[in-house]
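Just below is one structure, and these are the notes that go with it.
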Amino acid sequence: VENQYFLGSAKEWQGFDDHTFNVESKHQIPLELVTRIVSKIRSGERFVVYVCIPMHPEGVPEDGTTQAIVHWQYKTIEMMYNRVGAAIQAYGPPDAHPTDYLNFYCPAIKEPPRPDPSEVGPADPVQQTIYHKTRRHMIYVHSKMIIVDDEYILLGSANINERSMAGDRDTEIAVGGYQEAYTKG
(Lines give C-alpha, C1' and ligand atoms only; values in the text may rest on other atoms or scores of the structure.)
Protein backbone atom coordinates (compact mmCIF):
# COMPACT_ATOMS: atom_id res chain seq x y z
CA VAL A 1 0.00 0.00 0.00
CA GLU A 2 1.42 3.37 -0.96
CA ASN A 3 -0.55 6.38 0.24
CA GLN A 4 -0.23 9.99 1.27
CA TYR A 5 -2.04 9.26 4.55
CA PHE A 6 -2.59 6.08 6.52
CA LEU A 7 -5.07 6.47 9.33
CA GLY A 8 -8.37 4.87 10.13
CA SER A 9 -10.27 2.28 12.14
CA ALA A 10 -10.32 4.79 15.00
CA LYS A 11 -12.77 2.80 17.09
CA GLU A 12 -10.10 0.07 17.32
CA TRP A 13 -7.39 2.39 18.66
CA GLN A 14 -6.08 1.65 22.13
CA GLY A 15 -7.92 3.87 24.61
CA PHE A 16 -10.30 5.25 21.96
CA ASP A 17 -13.43 7.09 22.91
CA ASP A 18 -15.25 9.71 20.84
CA HIS A 19 -14.81 12.40 23.52
CA THR A 20 -11.05 12.05 23.92
CA PHE A 21 -10.03 11.76 20.28
CA ASN A 22 -12.86 13.65 18.54
CA VAL A 23 -11.63 12.29 15.22
CA GLU A 24 -13.65 11.21 12.23
CA SER A 25 -11.48 8.35 11.06
CA LYS A 26 -13.73 5.38 11.37
CA HIS A 27 -13.40 3.68 7.98
CA GLN A 28 -12.13 0.11 8.26
CA ILE A 29 -9.22 -0.20 5.79
CA PRO A 30 -6.44 -0.63 8.40
CA LEU A 31 -8.63 -3.05 10.36
CA GLU A 32 -9.37 -5.06 7.20
CA LEU A 33 -5.66 -5.31 6.40
CA VAL A 34 -4.72 -6.44 9.91
CA THR A 35 -7.66 -8.87 10.01
CA ARG A 36 -6.31 -10.50 6.84
CA ILE A 37 -2.81 -10.70 8.39
CA VAL A 38 -4.22 -12.31 11.55
CA SER A 39 -6.19 -14.87 9.51
CA LYS A 40 -3.02 -15.81 7.62
CA ILE A 41 -1.03 -16.15 10.87
CA ARG A 42 -3.80 -18.38 12.25
CA SER A 43 -3.71 -20.61 9.16
CA GLY A 44 0.11 -20.68 9.02
CA GLU A 45 0.28 -18.96 5.62
CA ARG A 46 2.88 -16.41 4.56
CA PHE A 47 1.36 -12.95 4.09
CA VAL A 48 2.99 -9.53 4.36
CA VAL A 49 1.62 -6.00 4.13
CA TYR A 50 4.02 -3.21 3.17
CA VAL A 51 2.85 0.37 3.67
CA CYS A 52 4.76 3.32 2.24
CA ILE A 53 3.83 6.75 3.64
CA PRO A 54 5.57 10.12 4.02
CA MET A 55 7.34 10.90 7.31
CA HIS A 56 4.72 13.57 7.92
CA PRO A 57 1.91 15.19 5.92
CA GLU A 58 2.41 18.31 3.82
CA GLY A 59 2.92 21.45 5.83
CA VAL A 60 5.04 22.52 8.74
CA PRO A 61 5.96 19.44 10.83
CA GLU A 62 5.53 21.35 14.12
CA ASP A 63 2.05 22.63 13.18
CA GLY A 64 -0.83 21.38 15.35
CA THR A 65 -2.77 19.91 12.42
CA THR A 66 0.27 18.07 11.11
CA GLN A 67 1.05 16.73 14.58
CA ALA A 68 -2.57 15.57 14.99
CA ILE A 69 -2.39 13.61 11.72
CA VAL A 70 0.94 12.06 12.75
CA HIS A 71 -0.62 11.12 16.10
CA TRP A 72 -3.66 9.52 14.43
CA GLN A 73 -1.37 7.59 12.07
CA TYR A 74 0.60 6.43 15.11
CA LYS A 75 -2.62 5.22 16.79
CA THR A 76 -3.57 3.35 13.60
CA ILE A 77 -0.15 1.70 13.29
CA GLU A 78 -0.07 0.88 17.02
CA MET A 79 -3.46 -0.86 16.76
CA MET A 80 -2.28 -2.90 13.79
CA TYR A 81 1.01 -4.01 15.39
CA ASN A 82 -0.77 -4.87 18.66
CA ARG A 83 -3.19 -7.16 16.81
CA VAL A 84 -0.42 -8.82 14.81
CA GLY A 85 1.63 -9.34 17.99
CA ALA A 86 -1.35 -10.86 19.80
CA ALA A 87 -1.98 -13.22 16.85
CA ILE A 88 1.65 -14.35 16.89
CA GLN A 89 1.41 -15.04 20.63
CA ALA A 90 -1.81 -16.98 20.18
CA TYR A 91 -1.06 -18.92 16.98
CA GLY A 92 2.71 -18.77 16.46
CA PRO A 93 5.19 -19.27 15.04
CA PRO A 94 7.11 -18.74 18.27
CA ASP A 95 10.12 -17.00 16.69
CA ALA A 96 8.02 -14.60 14.59
CA HIS A 97 7.96 -10.82 14.97
CA PRO A 98 5.15 -8.44 13.91
CA THR A 99 7.45 -6.96 11.24
CA ASP A 100 7.48 -10.38 9.57
CA TYR A 101 3.88 -9.57 8.58
CA LEU A 102 3.51 -5.77 8.65
CA ASN A 103 6.00 -3.08 7.63
CA PHE A 104 5.79 0.70 7.36
CA TYR A 105 8.29 2.68 5.31
CA CYS A 106 8.91 6.42 5.14
CA PRO A 107 11.39 6.95 2.28
CA ALA A 108 14.06 9.61 2.68
CA ILE A 109 17.30 10.82 1.21
CA LYS A 110 20.19 11.71 3.48
CA GLU A 111 21.15 15.29 2.82
CA PRO A 112 24.81 15.89 2.06
CA PRO A 113 26.81 17.39 4.91
CA ARG A 114 27.35 21.12 4.90
CA PRO A 115 30.74 22.62 5.67
CA ASP A 116 29.34 24.62 8.59
CA PRO A 117 26.78 22.80 10.78
CA SER A 118 25.49 26.13 12.13
CA GLU A 119 24.16 27.12 8.67
CA VAL A 120 20.94 25.21 9.23
CA GLY A 121 19.31 23.76 12.31
CA PRO A 122 19.12 24.49 16.01
CA ALA A 123 21.21 27.15 17.76
CA ASP A 124 22.55 24.77 20.43
CA PRO A 125 25.99 23.45 19.33
CA VAL A 126 25.32 19.91 20.62
CA GLN A 127 21.98 19.80 18.77
CA GLN A 128 23.68 21.25 15.66
CA THR A 129 26.16 18.35 15.64
CA ILE A 130 23.39 15.75 15.95
CA TYR A 131 21.28 17.48 13.31
CA HIS A 132 24.27 17.75 10.98
CA LYS A 133 24.99 14.01 11.23
CA THR A 134 21.43 12.72 10.91
CA ARG A 135 19.64 15.06 8.49
CA ARG A 136 17.13 13.43 6.24
CA HIS A 137 14.98 14.87 3.50
CA MET A 138 11.77 12.97 3.07
CA ILE A 139 10.60 11.71 -0.28
CA TYR A 140 6.99 12.85 -0.23
CA VAL A 141 4.72 9.93 -1.03
CA HIS A 142 1.71 11.33 -2.84
CA SER A 143 0.63 8.32 -4.89
CA LYS A 144 -2.33 6.15 -4.02
CA MET A 145 -1.59 2.59 -5.01
CA ILE A 146 -2.04 -0.95 -3.75
CA ILE A 147 -0.67 -4.16 -5.21
CA VAL A 148 -2.36 -7.30 -3.94
CA ASP A 149 -0.62 -10.70 -4.05
CA ASP A 150 1.54 -9.52 -6.99
CA GLU A 151 -1.57 -10.01 -9.12
CA TYR A 152 -3.84 -6.99 -8.88
CA ILE A 153 -3.04 -3.27 -8.89
CA LEU A 154 -5.30 -0.41 -7.93
CA LEU A 155 -4.25 3.17 -8.71
CA GLY A 156 -6.42 6.07 -7.68
CA SER A 157 -6.80 9.44 -6.07
CA ALA A 158 -8.24 8.44 -2.67
CA ASN A 159 -6.18 8.81 0.49
CA ILE A 160 -6.61 6.32 3.32
CA ASN A 161 -8.27 8.87 5.58
CA GLU A 162 -11.83 9.80 6.41
CA ARG A 163 -12.01 12.70 3.99
CA SER A 164 -11.55 10.37 1.01
CA MET A 165 -13.27 7.30 2.45
CA ALA A 166 -16.46 8.93 3.76
CA GLY A 167 -17.88 9.19 0.26
CA ASP A 168 -19.50 12.57 0.81
CA ARG A 169 -16.60 15.03 0.63
CA ASP A 170 -13.99 14.47 -2.08
CA THR A 171 -14.56 13.13 -5.56
CA GLU A 172 -12.24 10.21 -6.15
CA ILE A 173 -11.36 8.01 -9.10
CA ALA A 174 -9.50 4.72 -9.37
CA VAL A 175 -8.51 2.15 -11.95
CA GLY A 176 -7.68 -1.46 -11.26
CA GLY A 177 -5.96 -3.99 -13.38
CA TYR A 178 -4.65 -7.52 -13.59
CA GLN A 179 -3.45 -9.90 -16.25
CA GLU A 180 -5.37 -13.14 -16.03
CA ALA A 181 -2.46 -15.16 -17.41
CA TYR A 182 -0.34 -14.04 -14.44
CA THR A 183 -2.75 -14.72 -11.59
CA LYS A 184 -2.09 -17.57 -9.18
CA GLY A 185 -5.39 -19.14 -9.41
Side-chain angles (χ1 to χ4, degrees), residues 1-57 68-107 141-170 172-180 182-185:
V1 178
E2 188 173 276
N3 208 276
Q4 183 179 4
Y5 300 100
F6 192 84
L7 54 113
S9 307
K11 290 193 181 263
E12 304 299 321
W13 294 348
Q14 185 174 350
F16 177 83
D17 69 68
D18 284 321
H19 304 292
T20 303
F21 285 99
N22 192 24
V23 59
E24 291 294 325
S25 188
K26 298 173 181 148
H27 67 84
Q28 300 298 304
I29 292 171
L31 182 60
E32 291 294 330
L33 288 170
V34 79
T35 299
R36 175 58 63 102
I37 294 168
V38 168
S39 74
K40 296 298 184 178
I41 292 170
R42 184 178 294 156
S43 66
E45 295 178 58
R46 174 97 172 117
F47 186 81
V48 183
V49 171
Y50 301 95
V51 179
C52 184
I53 55 176
M55 286 182 210
H56 58 81
I69 292 169
V70 169
H71 175 73
W72 297 334
Q73 286 187 157
Y74 169 80
K75 296 303 285 182
T76 301
I77 294 166
E78 176 187 51
M79 175 273 297
M80 294 177 78
Y81 275 123
N82 284 342
R83 286 184 176 233
V84 171
I88 291 169
Q89 285 183 334
Y91 309 110
D95 59 341
H97 188 274
T99 56
D100 295 338
Y101 301 93
L102 178 63
N103 293 276
F104 288 86
Y105 297 96
C106 302
V141 177
H142 198 270
S143 62
K144 288 80 175 171
M145 175 181 71
I146 185 169
I147 300 172
V148 181
D149 295 336
D150 293 331
E151 294 181 4
Y152 186 81
I153 186 168
L154 180 67
L155 297 165
S157 62
N159 286 304
I160 299 177
N161 64 10
E162 195 62 24
R163 183 173 162 170
S164 291
M165 295 295 130
D168 60 358
R169 292 182 66 187
D170 288 353
E172 307 293 354
I173 189 167
V175 62
Y178 78 101
Q179 291 182 310
E180 193 170 329
Y182 295 99
T183 60
K184 295 176 187 168

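All values reported here derive from a predicted model rather than from experimental measurement.
Heavy-atom contacts from other residues, nucleotides or ligands closer than 6.0 Å to OH of Tyr74 number 12 or fewer.
Contact between Ile41 and Ala87 at its shortest, heavy atoms only, is CG2-O, 3.8 Å. Closest non-hydrogen pair, Met55 versus Cys106, comes out as CG-CB, 3.6 Å. In terms of heavy-atom proximity, Tyr152 sits nearest to Gly176 at OH-CA, 3.4 Å. Nearest heavy atom pair, residue Ile88 against residue Pro98, reads CD1-N, 3.5 Å. Taking both residues in full, the closest heavy atoms of Pro57 and Val70 are given as CD-CG2, 3.8 Å, listed atom of the first, atom of the second, then distance.
Taking Pro54 as the reference, Met138, Tyr140, Val141 meet the side chain to side chain contact (heavy atoms under 4.5 Å, CB included) condition, with sequence neighbours excluded. Checked against side-chain hydrogen bond (donor to acceptor under 3.5 Å, both in side chains), Thr35 has no partners two or more places apart in sequence or in another chain. Every residue two or more places apart in sequence or in another chain was checked for a side-chain hydrogen bond (donor to acceptor under 3.5 Å, both in side chains) with Arg36, and none qualifies. In terms of the side chain to side chain contact (heavy atoms under 4.5 Å, CB included) criterion, residue partners of Pro93 (sequence neighbours excluded) are, by chain and number, Asp95, Ala96, Tyr101. For the ring-ring contact (aromatic ring centres under 6.0 Å, His included) test, residues two or more places apart in sequence or in another chain that qualify with Tyr81 are Phe104. With sequence neighbours excluded, no residue satisfies side-chain hydrogen bond (donor to acceptor under 3.5 Å, both in side chains) with Asn103. Ser39 is linked by a side-chain hydrogen bond (donor to acceptor under 3.5 Å, both in side chains) to nothing, counting only residues two or more places apart in sequence or in another chain. Residues satisfying the salt bridge (charged side-chain N to carboxylate O under 4.0 Å, His left out) criterion with Glu32, sequence neighbours excluded, are absent altogether. Applying the side chain to side chain contact (heavy atoms under 4.5 Å, CB included) criterion to Glu45, with sequence neighbours excluded, gives Lys40, Ser43.
Distance check: Tyr50 OH to Ile147 CD1 gives 12.0 Å after rounding to the nearest 0.5 Å. To the nearest 0.5 Å, atom CD1 of residue Ile69 and atom NE2 of residue His56 are 11.5 Å apart. To the nearest 0.5 Å, atoms CD1 (Ile146) and CG (Leu33) are separated by 6.0 Å.
Here the side chains of Ile153 and Met145 are in contact, with some heavy-atom distance below 4.5 Å. You'll find the side chain of Tyr178 stays beyond 4.5 Å of the side chain of Glu151, heavy atoms only.
For residues 77-88, the set of pairs meeting the salt bridge (Lys or Arg N to Asp or Glu O under 4.0 Å) definition, not counting sequence neighbours, comprises Glu12-Arg83, Lys75-Glu78.
Asn82 places no side-chain N or O within donor-acceptor distance of the main-chain N or O of Met79, the cut-off being under 3.5 Å.
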